[in-house]
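Input: a single structure, listed below in structure tokens.
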2 protein chains.
Amino acid sequence: MANMKDIARIAGVSLGTVSHVLNDSAGVREPLRQRVLQAVQAAGYQPSQLARALRRDKTNMIGMIIPDITNPFFPAVVRGAEDVAFSNGYRLILCNTDNDHSKELVHLNELRTYLPAGLIVIPSNFSDLTAQAESYRRAGTGVVCIDRLPKNWSGDSVTADNEAGAYHAIRSLIQMGHTKLAAISGPLHLTNAKDRFAGFKRALREAKLHLAPEYAQETTFDKQGGYLKTNILLRLIPRPTAIFAGNDLIALGALLAIRDAGLRCPEDVSIMGFDDLDLADTTNPSLSSVSQSGYQLGTSAARILLDRLEGDKSPAKHLILETSLKLRNSTGAPPNDVRSSPAVNLTSSTKPNRKRAVR
Amino acid sequence: MANMKDIARIAGVSLGTVSHVLNDSAGVREPLRQRVLQAVQAAGYQPSQLARALRRDKTNMIGMIIPDITNPFFPAVVRGAEDVAFSNGYRLILCNTDNDHSKELVHLNELRTYLPAGLIVIPSNFSDLTAQAESYRRAGTGVVCIDRLPKNWSGDSVTADNEAGAYHAIRSLIQMGHTKLAAISGPLHLTNAKDRFAGFKRALREAKLHLAPEYAQETTFDKQGGYLKTNILLRLIPRPTAIFAGNDLIALGALLAIRDAGLRCPEDVSIMGFDDLDLADTTNPSLSSVSQSGYQLGTSAARILLDRLEGDKSPAKHLILETSLKLRNSTGAPPNDVRSSPAVNLTSSTKPNRKRAVR
DNA sequence: TTGTAGGCGTTATCAG
DNA sequence: CTGATAACGCCTACAA
């Protein structure tokens, strides 16, 4: 590979001049400028990003750390980030953590030695990102956190409006006539799971519906968790007529569990998902879901990073993206004979804290 | 960030000694060694990958170029590559080409200036990879091509056994009694699409079944293409009783087209996909498909690259991964009254299809 | 066994 | 406006 020295020789100018025309760092007179440009062309020269970075103390790479590219929600996020990064001359280093915070730490530490221009992170479970990001911040490297936030995060962030999305979804279920609503949330230590569950609870509260403790299940964000917890819910008396799943993967598991239990969706039980993955459209029945744009999550994060790189010193931004409700065939009115089903007191809420099983 | 000079100062040794203990490049006496290690610990020192790479003329980054991470087949491939790369100390730079060979070229050219340890590429449409790779090869950088091969590729490659996979799938369809088999292949300039179609034709030939030209459609590897071409096929007389889709996305579109035409799958038309994506399991009906492991595609490619890095000079490898047939509910025996089946009324096909919202 | 010095390809500073 | 020259942080002969 030709280097700058070669170009200088070919063009018959000095090294400095070549650098100047390449970076516009000094007005080089036209004839010389042309000679240099021509030499660059002829040699197919491309500057070494490595040397440049070493010298400038900054690469044009953006580190992107996510739990698992194999999870169907994340590719769109990555793609969004890559698109705006690429069109601004930045590249993405992709790292998977598998939600393991020690693996996240390894990536965080190593990435630093590449002097990335910035970092976009979907924190792992129990992420220590807040502490780690501090050292990046000190080095002037922006870190934006997306989708969910680690403990005490105060830096830039982009998330969906999980609370409101869930709230509106549940409201629509209530308007269909449901009164026995259960939830299978994701891990509640994750802010997105927690916020969605909060929206669920708010909708119930406003409708003066009581939430029995057994009606609130928590699991991991995957199909299997959804399947298992749905089995539990279906066994309860009275059986819930609608289940709010913490994400579409959980909803998928719920769909399978309902089918395996010999029940019908939505005639017996309605299912509401969250994320609106591509697959929501192709399941049987198709899945009603709260739609959020992973792509936009990615683009927004990259955008913030680029702004920071261009000198934006404003205080931390907390972007919250709108969601929208996609009603499909997994939700419908509750079964007619709902009030004849065996009674359990789920309405009175004079005693807010009912005694529950010891654990 | 602390650098080597700092460590040397803290440990009270020379720069060279620090480097020697860090790289085991010379037997440093234990006491000194300990002092250095301690200083490294204390300072939380991590060597600059940038400087190291500049000096060694090689990074520990593997460039991975794919069409689009958003295509559900690719995440597993990326993950496979990342897993073996990561566990060997290598990182992945991810680039999307959108199947645009000029974008691919941009990536190829820029990536070079990072001195990547190697490249894993799923070539774009009309890729010029063969020529480009030559310059990498000259620089001693391995390039392995996966999933599909560009024109005249003679370097390392990993692909699925597309021909055999398709062949066996079609054979099973024929054994079910189908004689009117149609195909909707992917773009035939792509080797994987071409090979699958070849397997399809071989199975027909062996069974002495004639392939009418209109029974062989070609489209892009996506849902919409599948939908459109299926509409064409369903209008033919006689109507095919089984359709071999070039991949699962096409198959998905076929499923939708069949439903929208008021036909049933598999009772009226069987659908066979290729790839066995996660979604194959959740469609309605669930999708029979030729299963190939994207993950393994990724790990194998990375493995080859690492072997090359460790000095493997053997001639180009052409790994071909086995496929397996996953029979689900989208395939079955052809309709009994097949010869009397009337042409479907498709006159309304211009009306917008329900729920196929823009994506 | 340890230390010294040169250089990887750039950019930035500072004379001319 | 142009051209030397000194870093950037590390590795590696080679010298001590």
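Each chain gets a letter, A, B and so on, in the order the sequences are listed, and its residues count up from 1.
- Of the N and O atoms on the side chains of A:Asp83 and A:Ser87, not one donor lies less than 3.5 Å from an acceptor on the other residue.
- Against DNA chain C, the stretch residues 15-22 of chain B makes heavy-atom approaches under 4.0 Å through B:Gly16, B:Thr17, B:His20.
- At whole-Å resolution of the value, CD in B:Gln49 and P in D:dC10 are 10 Å apart.
- Here the CD1 atom belonging to B:Ile320 is positioned 5.0 Å from the OG1 atom belonging to B:Thr159, to the nearest 0.5 angstrom.
- Counting to the nearest Å, the C1' atom of D:dC10 and the CD atom of B:Gln46 are 15 Å from each other.
- Remark on DNA chain C: of its neighbouring residues B:Gly12 and A:Ala2, the 5'-side contact belongs to B:Gly12, judged by nearest-heavy-atom nucleotide.
- Among pairs with a residue in residues 86-105 of chain B, those fulfilling ring pair (Phe, Tyr, Trp, His ring centres under 6.0 Å) read A:His107-B:Phe86, at least two apart in sequence or across chains.
- A:Glu30 has its CD atom 10 Å from the P atom of D:dT2, to the nearest Å.
- In this structure, CD on A:Gln49 lies 8.5 Å from CZ on A:Arg91, to the nearest 0.5 angstrom.
- Backbone-only engagement by B:Leu32 is indicated by non-hydrogen atom pairs under 4.0 Å involving sugar-phosphate atoms exclusively.
- Heavy atoms from other residues, nucleotides or ligands lying under 6.0 Å from CD of A:Gln38 number 12 at most.
- The 12-atom threshold is not exceeded at CD of A:Gln41, counting heavy atoms of other residues, nucleotides or ligands nearer than 6.0 Å.
- The pair A:Asp312-A:Lys317 counts as a salt bridge, with a side-chain nitrogen and a carboxylate oxygen less than 4.0 angstrom apart.
- Looking at B:Asp156 and B:Arg137, no side-chain N of the basic residue comes within less than 4.0 Å of a carboxylate O on the acidic one, giving no salt bridge.
- Of the residues in residues 52-62 of chain A, those placing a heavy atom less than 4.0 Å from an atom of DNA chain D are A:Leu54, A:Arg55, in numerical order.
- Residue pairs meeting the ring pair (Phe, Tyr, Trp, His ring centres under 6.0 Å) criterion with at least one member in residues 118-144 of chain A, sequence neighbours excluded: A:Phe126-A:His189.
- Distance A:Asp24 CG to D:dC1 P: 12 Å, rounded to the nearest Å.
- For DNA chain C, the contact window with chain A, defined by any atom under 4.0 Å from a protein heavy atom, covers C:dG9 to C:dA12 in 5' to 3' order.
- When the nearest nucleotides of DNA chain D are assigned to B:Tyr45 and A:Ser14 by heavy-atom distance, the more 5′-ward of the two goes with A:Ser14.
- When the nearest nucleotides of DNA chain C are assigned to B:Arg29 and B:Ala51 by heavy-atom distance, the more 5′-ward of the two goes with B:Arg29.
- Atom NZ in A:Lys5 sits about 13 Å away from atom P in D:dT5, given to the nearest Å.
- Shown here are the side chain to side chain donor-acceptor pair (under 3.5 Å) partners of B:Asp6, two or more places apart in sequence or in another chain: B:Arg9.
- Side-chain contact annotation: A:Thr113 with B:Gln46, donor-acceptor N/O pair under 3.5 Å absent.
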